[in-house]
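Position 1 is the first residue of the sequence, and the numbers go up from there.
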Amino acid sequence: MPGRPASVDPASGDLASGDPARPRPALTADLTGAELLRWYWTLAELTGLARSMGVPAGGGKAALTGRLADALDGRPLPPPAPAARRRTGGGGQLAAPVHGDTVIPEGQRCSQVLRAWFREELGPSFHFDAFMRTYIAENAGRTLADAARHWRETRAEAARPQEIGTQFELNRFLRDWHTTHPAGSRTDALASWRAHRARPRS
């Protein structure tokens, strides 16, 4: 998860993540959404699972993981946005008025129209942070109410230091490992990384 430094196992000095005794499960359609989210998976692995399940594999890794978690738990994927529920201005962007059931179209920007609606819905502290920018960019077909729910659900995570994004998890791990092992070699660091990613997320 972004911004949270990995903990150090006091016995081994290695960076730890979850229960080391539990092996990483096979990435199959038999997993639950919660189990999928507990483990580190590469984009290639997630894409392969998506194709085998008939889940759209486009978008970034975070969006793909969310779609797979929904599919594994039996939640419906967002349908293509019906034209009747879209109110767009020039360039296909949403135009006022918008409502909670307004569908986010493909290519929607974080516009003043959306900012005004979110501030009315969520309060004056609302702003387009990385969580919301990514959600709007990668969740065409979801509604503004879904986006508002995402804002509420990510506030605790957003309050943590966001030093390195999740797509750079290896970089963050190596940085933290070398901090605790200043004389360690890259070979040892990568071996610790392989052990780390085989454990569930804490």
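- Contact annotation: the side chain of H196 never approaches that of W177 to less than 4.5 Å [non-hydrogen atoms, C-beta and beyond].
- For residues 181-192, there are no salt bridge (charged side-chain N to carboxylate O under 4.0 Å, His left out) pairs, not counting sequence neighbours.
- Once rounded to the nearest 0.5 Å, the distance linking OG1 of T28 with CG of L31 reads 5.0 Å.
- Remark: L122 CG to F118 CZ distance equals 7.0 Å, nearest 0.5 Å.
- L94 CG to L144 CG: the interatomic distance, rounded to the nearest 0.5 Å, is 6.5 Å.
- Under the rule for a side-chain contact (heavy atoms from CB on, under 4.5 Å), the partners of S111 that lie at least two apart in sequence or sit in another chain are Q108, V113, L114.
- Sorted by first then second residue, the salt bridge (charged side-chain N to carboxylate O under 4.0 Å, His left out) pairs that include residues 144-156, not counting sequence neighbours, are E121-R152, D129-R155, D146-R149.
- Considering all non-hydrogen atoms of both residues, A95 and V98 come closest at O-CG1, 3.5 Å.
- The side-chain contact (heavy atoms from CB on, under 4.5 Å) check on A50 picks up V55, A57, L64, L68, with sequence neighbours excluded.
- Between L36 and L46, some side-chain heavy-atom pair lies under the 4.5 Å cut-off.
- Considering only residues two or more places apart in sequence or on other chains, H127 meets the ring pair (Phe, Tyr, Trp, His ring centres under 6.0 Å) condition with W151.
- Applying the side-chain contact (heavy atoms from CB on, under 4.5 Å) test to D73 and every residue at least two apart in sequence or in another chain returns T32, R75.
- The side-chain heavy atoms of Y40 and W193, taken from C-beta on, include a pair separated by under 4.5 Å.
- Shown here are the side-chain contact (heavy atoms from CB on, under 4.5 Å) partners of T154, two or more places apart in sequence or in another chain: F131, H150.
- W117 pairs by the ring pair (Phe, Tyr, Trp, His ring centres under 6.0 Å) definition with nothing, not counting sequence neighbours.
- Closest approach of H178 to A189, counting heavy atoms only: NE2-CB, 3.8 Å.
- Taking the charged nitrogens against the carboxylate oxygens, R142 and D70 do have a contact shorter than 4.0 Å, which makes a salt bridge.
- Closest approach of A29 and L72 over heavy atoms only: O-CD2, 3.5 Å.
- Taking each heavy atom of R115 and F128 in turn, the nearest pair found is NH2-CD1, 3.5 Å.
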Item to check | Residues L190, L174; criterion side-chain contact (heavy atoms from CB on, under 4.5 Å); working and verdict | outcome: CA-CA 8 Å; L190 291 175; L174 292 177; 4.3 Å; yes
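- How far SG of C110 is from CD of Q93: 9.5 Å, rounded to the nearest 0.5 Å.
- Note that the NE2 atom of H181 and the OG atom of S192 stand 6.0 Å from one another [nearest 0.5 Å].
- Separation of atoms CD (E138) and CZ (R67) is listed at 8.0 Å; rounding is to 0.5 Å.
- The two residues I104 and A147 make their nearest non-hydrogen contact at CD1-CB, 4.4 Å.
- What you find for P182 and T179 is that their closest heavy atoms are CD-O, 3.9 Å.
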